[in-house]
Every structure is written in structure tokens, then in C-alpha cells.
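Below is one structure, written out as C-alpha cells; the observations come after it.
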Amino acid sequence: MNASPLIHCHHLTKHYRKGKQQVTPLQALDLKVPRGEFLALMGPSGSGKTTLLNLIAGIDSPSEGELIIDGQDISQLSRGKLSRWRAQHVGYIFQLYHLIPVLSAYENVELPLLLDSFSGRERRERVELALRLVGLEDRMHHKPKELSGGQEQRVAIARALVADPPLLVADEPTGDLDRDAAASVLQLLQELSREHGKTIVMVTHDPKAAEAADRLLHLEKGKLLESEALPA
Amino acid sequence: MLPFRYAIRNLFRDPMRLLQTLLGSLLVTLLVMGAGAFNQGMTRMLSASGDPLNVILLGAGSEESLQRSEIPDKAAGIAASTIPGIQERAGRSAVSPELHFMGYLQAPDAERVQILLRGVKAEALMVYPELSLLEGRFPRAGELMPGRMAWKSLGIPQEDLKPGMLLEFEGQSFRVSGIFAAPGTVMESEIWADLNDLRTLTQRDSLSGVTLRMQSPDHREVKLFSTRRRNLELSVVPEQEYYAGLAHFYAPIRGMTWVTALLIGVGALAGGLNTLYAAFASRIAELATLQTLGYSRAAILLSLIQEALMACLLGSLLALTLALQFLDGLTVSFSMGSFQLDMSPGVVLAGLLTGLFLGVLGTLPPALRCLVPPLPAALRSAG
Ligand SMILES: Nc1ncnc2c1ncn2[C@@H]1O[C@H](COP(=O)(O)OP(=O)(O)OP(=O)(O)O)[C@@H](O)[C@H]1O
Ligand SMILES: [Mg+2]
């Protein structure tokens, strides 16, 4: 395996302007995430967790600092370039799933593949594989509103991984789920990290959820606190 | 590119909004096509009324209206014998002395109406070759010959207009001797009478004008005649120019129809924009999700435009069907006479372009408002 970390943040800073005021949700943050690691991020509300995740996922651009992912500095990419970069490198899992309500589970999972030049057959195989991986091959043709929250989130995970990106980011993926559904989602993420070598960065408020990860970091006022390795 | 089915499914996401868009587009398209067909029909009638071979001699100073023009009775005979190049048949020149008179007529069981009477002699048939008798014969003294569209202005059912019916004029009863057609021209709405008869009734010893049918569209000899015989005080107007002048006279009416269509269209567009703002705003998070997946804003915009275009074009097509069914050929009366709404290919195209225009123009502002904000903010808005 490649020895260089998949994610390398160096003095990463993000400012937002709120009227005349400037807020700085991230302040000169340094972080390395090795390939294949499942990292959990915790911290109080407003500590900058989502901001950090958005930077890592190429949804937002840093104000200062370096952000190297998979050997590429993405901090200077334009909005259009970032968009293409995201399609190949990141799968984003949201707290509220954000499935497209008018499309079936199958069609939702297929969306990322339509950006690439797969043949129709390849696409079908990949979508079916992804849905099988999350245990929903029998719900392929259901619309999101015909699925439970846990099932919706698993479809969202299938959508995030179908294009086989090296990095998955998840913002409170279990925040809206009951205990059982949360457990199955966490188990799935663990599996993706351990068996499929995905690097995962997950934000959570739930210490139980954080236990699923390999490492836990605490964020407070835009800075990382201690680092603790979790028992495997 | 987003799959086309995404646009299609979104179309049916909110049936009320679909209905609203559809009806709005239908209404605006119908208006545009209505205005277009109206103007097309009027222009066509006025241009069809002018023949390049025909020249009108009118009184100098009243070139724009035969009804106001007066020329000496003898002008017709002098013109016929002096001007070279006039068409002839069986020793008679194609010279039609005419009296145009706005008179009050009354059909049985109908209101008294003002209508254009034209007093003519048999030579009129040589000058207007497009004119043909549908029924009956040319009028003699005490008779009238209405054009086939005259029922409109007379305010009677079409089937009542036939030879034998009686019309009241200047306190006397006139028998309809025949009905004539002159497709597409203003003449079809007129009522023709015998020239001498009409002159007696209106107590005029002059003519309104004389129409000549030349062998070629060259009118120089006629102009020369009018300058040589200055004492007759004649003005020479090619028939086409005469009707083009009338078309010009009615330009403000045509302008009004367009302005009305435009105003209502703008109103509908404003209403449509509002609904679309609301519809897209509720989809901000979803549109941001698509961007997160790697779809460009251009691709998403395209899908939104597809969606709106389908609704708008569907409305336009419905409007087109309705227009072809109910508007095309519909007879409209105005002071000059009657004409038929004309759904020409240009009008149909204008209607479809209206749908296209509404779809694209209506989508852009609300779509851009949803696509411009930075992604993190858009994702945070409740989906
Ligand atoms: N687009 C933005 N514009 C202005 N301020 C922002 C923006 N995004 C985040 N912030 C501010 O940055 C700070 C950190 O926000 P962030 O969403 O990263 O917190 P968080 O740790 O994810 O919180 P939570 O646990 O509530 O999700 C907050 O003070 C927030 O108001
Ligand atoms: Mg957050």
C-alpha cells in the first residue's frame, strides 16, 4: 500500500464573512489520514466539523493552507474542476441521506456512474453490486419514500461508493437513525474500510458511533484536540 | 448529463404546478397565435384586394378613400377612349366606373346597419377577374348583389343570404339578384348595386372613381393621362397601393393586438416565475446534492430547462390544436369588411417559439438563484 497519507491538511484555515464580521470555523489545522483509515471526528456544535468535512470532500475551498488528497493539491481548483474531481475521488454521505425523491434506489445509485463512460451493462453490474453490498438488492425499484430511514441511508452509502472512490466522508450518518439502523450503517462503514480499503472520515455526535472507527479526533473552535487510537 | 427521466419525473412531481405552467403557456401561446392570425388575415385580405394590373382613378386630394372621392361622370368614357394599353374584350374596355357609398341597410328581422355599397356596371366583371357569381345574376335596377361575406355585417344567418331575399335601403325594398365571391378580398363583404340605380338613390351625378385593368403592370400611360387632362382633377393610384394605404391605416389596430398579447404574456411569465421560484427553492438541497455527486451546474440547468420546456411546449401544442380547430378561418368583421383569421405557418411557428421562449426564459432566473449560492450553504438548507 502507498505509504503517503490519503489526506494531508497543512495549516488549513477557513474564514466566512457574515456581514461585516468574519468567522473562522477552522484555524490552521494540521491533519493526516492514512489510506484505509476509518477516522471519527467529534466536537461541540459549531466547532467546524462540517466545514472540515466539506473541505476534504472538495465541496468548499480553504481560505489558507494546503489540502492534499491522494497526492493532489485541491485547494486551488476551480468550482468546475472540483466538481469533476469529486466525482472520481469522494463519496459523500449526509445525515439526511439526500436521495433524489423522484428516482428509485437503483436510479439514485446509478447517478454517479452516468458521469463516466461506463457501458450500460457495466453500470448495471456496478449498481447491483453496490446495492448487494448494502443489503438492499431486493429494494432496487423502491422510491426513497418507500424505504425506512436506515434503508435510505444504506442506499445513500451505495451511491457514495458505486463509482469506487478512495475516500468516503460522512456527516453524522447515524444522526437521524434509531439504534439498530445506526448499528447496521456503522457496521457497513467498518466493512467498507476493512474489507474494501476505503478511507473514511465520519463526523458524529454519538460516542458509540465513534467506537466503530479506528481513530477518534476531537475538534473544538476550529482546532484539533487530542488524538486517540481506538481498540480495533 | 442528467438522465432525461429525471426531468420527466420532476415534471409530474407537483401536478398543480404542471397544470399551472401548462395553462399559462397555453394561454400566452393562444394569444400570440390569435394576434398573429388576426394580423395575418387582415394583411392577407388587404393585399389580396389589390391587383397589380389594376389602377384606380380618384379625385385629386382623396387618394386614400374612394368613399370620399368624387370625379366627373365623363372621366370613365374619356379614359376608355384615350388611354392606351387597357384590356379589351369584345370591343369593350376594362374600365369600371364606380360609386362607393356607406349606406344604411336593413335585412328582415335584423338591425339597420351601415355597409359599403358599390354601384357598378357589367364592366366590373372585366376588371375583377377573381369575382364570380355563386348564385343568381348581376343586379339590375331595384336589385342588389351582396358578396358572400355580407351576412356578417348584415347581422343575419349565413343561410338566409340568398337570391330572392329582400333588403331595405332608403325606404325602398330591394331584391337580392345574386351572390358573388371574390376570394380573400374586401369586396366579399360589400353589397353591389346597379351604378345608375345607386346614383339616383343617392342623388349623385358624379362617380367615386374608375378602375382600369391594364394589359401590363406599367401605369405610365395612365399617369400621363391624368397630367394631360388636368381639368378632370384625377389622381392615379395603383390598386395595390390603395389597399396598402388601407393596411397602413389599420396598423394601430394590429399594433394593439400585439401589445395586448405581450402584456398578458409578461403577466403570465411573472406569475410563472413565482411558482418556479417556489418549486426550485424547495429543491435547493437536492440540486446541491447532484452537484456534490459531480454534476455540473450547466448539466443541472439543462435538466431544469428540459423540465420547463416540456410543460411549456405541451401547453403551446395544446394551444396550437385549439387554434387550428377554433381560430383558423374564424371570420372577423371590422369597418372595412370581414376577413378570416389566418393560421399561417409563420403564425404557428410564432406560437411554438412562444412556448420555447417561456420555457427557457421562465427557468433561468429561478434556476440560477438556486445554483449560484456556494454548495455548503445550499446543502445546509433543509431538503
Ligand atoms: N457558509 C457559511 N457562512 C458563514 N458561516 C458559516 C458557514 N458555514 C459554517 N459557518 C460557521 O462556521 C462555524 C462552524 O460550522 P460547522 O457547520 O462546521 O459546525 P459543526 O461542527 O458541523 O456543527 P454541528 O455539529 O452543529 O453540525 C459555525 O459558527 C457556523 O455558523
Ligand atoms: Mg455539522
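Below, chain A is the first sequence line, B the second, and so on; all start at residue 1.
- Annotation for B:R13 and A:P101: closest pair NH2-CG, 3.2 Å, computed over non-hydrogen atoms.
- Interface residue B:Y295: backbone and side-chain heavy atoms are both found under 4.5 Å from chain A.
- Looking at A:E110, only its side chain comes within 4.5 Å of chain B, counting heavy atoms on both sides.
- When each of A:R79, A:Q95, A:R159 is scored by its heavy-atom pairs under 4.5 Å with chain B, the top score falls to A:R79.
- At a 4.5 Å heavy-atom cutoff, the contact between B:L290 and chain A is made by side-chain atoms alone.
- Contact record, B:A285 with A:H98: CB-CE1, 4.0 Å, taken as the closest heavy-atom pair.
- Contact annotation for B:P374: only backbone heavy atoms (N, CA, C, O) come within less than 4.5 Å of a heavy atom of chain A.
- For B:R283, no part lies under 4.5 angstrom from a heavy atom of chain A.
- Using modelled atom types, no side-chain atom of A:R86 and backbone atom of B:L293 make a donor-acceptor pair closer than 3.5 Å.
- Interatomic distance, A:L99 CG to B:E286 CD, rounded to the nearest 0.5 Å: 10.0 Å.
- Contact annotation for A:Y97: neither backbone nor side-chain heavy atoms come within less than 4.5 Å of a heavy atom of chain B.
- Taking CZ from B:R5 and CG from A:L103, the interatomic distance works out to 6.5 Å, rounded to the nearest 0.5 Å.
- Heavy-atom pairs under 4.5 Å with chain B peak, among A:L114, A:I100, A:D60, A:D171, at A:I100.
- Between chain B and the residues A:T50, A:L111, A:V90, A:N54, the most heavy-atom pairs under 4.5 angstrom are made by A:L111.
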**Asked** Which is it for B:T289 and A:Y92 under the side-chain contact (heavy atoms from CB on, under 4.5 Å) test, yes or no, and what are the steps along the way?
**Response** CA-CA 9 Å; B:T289 304; A:Y92 205 122; over 6 Å; no
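- The 12-atom threshold is exceeded at CZ of B:F280, counting heavy atoms of other residues, nucleotides or ligands nearer than 6.0 Å.
- Closest heavy-atom contact between B:G294 and A:A87: CA-CB, 4.1 Å.
- The number of heavy atoms from other shown groups lying within 6.0 Å of CD (A:Q21) does not exceed 12.
- Summarising the local packing, NE2 of B:H248 is surrounded by 12 or fewer heavy atoms from other residues, nucleotides or ligands at distances under 6.0 Å.
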